[in-house]
Amino acid sequence: MVWPTSSFVMLTSPFTLVSLAVCVSILLYLFHLRRSDQQHVLRRFLSLQQPRTTTALESSPEKPAQRTEPSYVDVFPPTQRGTLDKIVSKLPEVQKQAMGGHLPFDEAAFQRALLGLNENYETAAPNKYCFSGFSMAEIRALGDFPDYAELSGVPAPAPYKQFNIETALPRPYRPFRWSYHQTMSLMKMEPDFWIELENSYKERIAERQNLYARHGGDVLQHLPGSELACKELMEMVLQFLCARYPQYFTLSADKTVLENGILQTTTDLKRTPPLITLLNNVPEDFAIMLRNPADGYYYLRAGIICSAVGWNLGLKIGKSLPEIHIPVPDYKEKMQMSMDRFFTKMPTTKPIQRGSWFFEIDQPLYMPPNDPREKRLGFQDPRLEPENIHLRVDWQTLRRLPLSGGVVFNFKALFTPITEFRNEPYIPSLTLKLLNESKADLLKYKHTWHIEHIVKPLMARYEKEQFETGVIPRDWVHHTLDESPFFPGWEDKWRLQQGF
């Protein structure tokens, strides 16, 4: 059995996108992969949100499919069992007794007693183990809402005392890079910004609830065996919200009721399924990947995904990473092996973040395959105005849950009118460079052609203004900004727009 180390070097600045060379060196040190594998994995990012169509739903069997790739049956992610002593010391006596005193760990017993992919932790034998290294007895003894900051090694967020939901805006993400290479562009996740709320909160929650009412399992569902991961994710998110936005979210003393001061609602956490709790309170998408003990590979077992373009959860649920990415060019040949290793060895203590960009007409949140709005991609509408075009940034994080061991991919679609670029240094110039000189297959992949007749002339005019007014020097050579994924002066603009 292999327990890889969880310590590694992260970026010194969470605001700086990573170049290909830096990504390779970091991930090489992180996961001890061959250089060739790291270069392959960095060419394209695992991106569930990219516009693409898929084949029909295939279930994920407990029995593994025939594979020619390496087996990961005996490879497990770094365990967080080392946090138990400190956590248990703070528990009530009855929970300490249920924990079993000295917390022994028997590796041989662990390997023989892994929880099945479809097995519910609530009814499993107490001596069974999650692939994270925690037994069912230990997980039950920890109870509801254990200290996830301690368990995960990721600090709890600081309270955001200035936050006002009526004026709140997301940070102005502009993940533009030049020279552009389709890489993972990983950054260390900022613990304070795992979940960002904004002034569209009420409208987005209502829109997502409506999508679930209309589309059901195409936007929200969970498969057997994902019960612990769903509960764990819900508790981690609610702990985050209550710590970050205490003026709006509180848990009852017995941690059974969530009070939402924005919507003026209460949620009975004992009666409401975890994913429904998230749907009703968090305008964020979540996809939960779990390890199949039969082959060591990861499968999509649960999720809430209301902002997919070109696909939906119903088409992806139950599939492995390779099955999910069948439509992605070169995935099998150049990425599959490295991405499987990435998921296998990703530590709980080091969540990551990154962003992808597109240009959209209006603000389409959910566009499944064959949506009528797809027709707009095939022609350039002369009636469009700049005000109709938005930058869409899907800001994403990837982190491992400490108890279940599930890997959670969460993302949120953020829309910005392109007219905002006018007073953002270098952004019009970078946008124009990307649209004019990126590889044709990239621009086709991002479906930029249908808006280029509006965006290009506007960005050229904005770039000219910034040259003439001295905002950017005329001899500027295009490159990824030091402030990326933002721009010089972004924080002043962001705070001013919110009334600070």
Side-chain angles (χ1 to χ4, degrees), residues 17 43-53 172-185 307-311 327-331 354-396 411-422 424 426-464 466 478-481 484-487:
L17 283 171
R43 285 176 184 165
R44 294 185 187 274
F45 179 63
L46 165 65
S47 182
L48 292 173
Q49 85 292 346
Q50 301 294 338
R52 53 182 69 107
T53 57
Y173 295 102
R174 309 288 185 263
F176 299 136
R177 292 174 285 125
W178 190 264
S179 297
Y180 189 90
H181 301 283
Q182 185 76 321
T183 71
M184 297 182 77
S185 301
S307 50
V309 175
W311 63 283
V328 179
D330 299 329
Y331 183 85
R354 56 92 65 189
S356 62
W357 59 266
F358 305 91
F359 289 102
E360 302 280 8
I361 299 173
D362 302 323
Q363 299 186 35
L365 186 66
Y366 179 73
M367 287 180 59
N370 303 316
D371 187 284
R373 290 170 293 183
E374 285 186 354
K375 295 178 181 178
R376 298 188 299 196
L377 302 177
F379 67 99
Q380 294 184 331
D381 188 345
R383 298 168 298 175
L384 284 178
E385 298 290 339
E387 291 74 18
N388 301 130
I389 312 298
H390 292 77
L391 171 71
R392 171 179 171 140
V393 171
D394 288 334
W395 192 249
Q396 311 145 14
F411 64 94
K412 182 177 183 178
L414 302 170
F415 295 91
T416 303
I418 60 170
T419 52
E420 284 290 316
F421 293 1
R422 186 172 191 173
E424 297 178 355
Y426 302 99
I427 297 303
S429 189
L430 272 174
T431 303
L432 193 61
K433 188 77 168 178
L434 284 163
L435 293 179
N436 282 334
E437 299 184 28
S438 292
K439 292 181 178 180
D441 60 346
L442 172 70
L443 296 178
K444 182 178 180 180
Y445 185 65
K446 289 183 175 289
H447 298 290
T448 62
W449 179 79
H450 70 299
I451 50 83
E452 288 182 6
H453 64 300
I454 302 296
V455 178
K456 282 185 177 182
L458 187 67
M459 293 302 109
R461 177 158 65 89
Y462 289 171
E463 180 188 49
K464 183 172 182 290
Q466 292 191 1
H478 293 85
H479 65 272
T480 301
L481 300 178
S484 184
F486 307 109
F487 51 87

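Note that the numbering runs from 1 along the sequence shown for the chain.
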Mind running side-chain contact (heavy atoms from CB on, under 4.5 Å) on T431 and R174 for me, showing each step along the way? CA-CA 10 Å; T431 303; R174 309 288 185 263; over 6 Å; no

Of all heavy-atom pairs between [X] and [Y], which one has the smallest distance, and what is that distance?
X	Y	result
I418	P386	CG1-O, 3.6 Å
P364	I361	CD-O, 3.3 Å
L365	A413	CD1-CB, 4.1 Å
Q396	G355	NE2-C, 4.4 Å
H478	S429	NE2-OG, 2.7 Å
G310	E374	CA-OE2, 4.4 Å

Would a 4.5 Å heavy-atom cut-off, applied to side chains only, mark [X] and [Y] as touching?
X	Y	answer
R376	D381	no
S307	D394	no
E360	H447	no

Side-chain donor/acceptor of H450 to backbone N/O of G378, under 3.5 Å: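 Answer holds: no.
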
If you measure from [atom1] on [X] to [atom2] on [Y], what distance do you get to the nearest 0.5 Å?
X	Y	atom1	atom2	answer
F421	I389	CZ	CD1	11.5 Å
K444	S438	NZ	OG	15.5 Å
Q466	M459	CD	CE	9.5 Å
H453	F379	NE2	CZ	9.0 Å
L481	R177	CG	CZ	12.5 Å
I451	K456	CD1	NZ	9.0 Å

Which word best sums up how the rings of F176 and F359 line up, parallel for under 30°, tilted for 30 to 60°, or perpendicular for over 60°?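 Correct class here is parallel.
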
In terms of the angle between their ring planes, are Y173 and W395 parallel, tilted or perpendicular, with boundaries placed at 30° and 60°?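 Ring orientation, 0 to 90° scale: parallel.
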
Given the rule in the side-chain contact (heavy atoms from CB on, under 4.5 Å) test, do E385 and N388 qualify, once you have shown the distances and angles that lead to the verdict? CA-CA 5 Å; E385 298 290 339; N388 301 130; 3.6 Å; yes

In a check of side-chain contact (heavy atoms from CB on, under 4.5 Å) between L391 and each of F358, F415, W357, which one passes?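 The option that passes is W357.
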
Does a side-chain N-to-carboxylate-O contact under 4.0 Å join R373 and D371?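 Yes, charged N to carboxylate O under 4.0 Å.
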
Determine, stepwise, if the pair W449 / L443 fulfils side-chain contact (heavy atoms from CB on, under 4.5 Å). CA-CA 7 Å; W449 179 79; L443 296 178; over 6 Å; no

Are L435 and T448 close enough, and set up right, to give a side-chain contact (heavy atoms from CB on, under 4.5 Å), and what steps lead you there? CA-CA 8 Å; L435 293 179; T448 62; 3.9 Å; yes

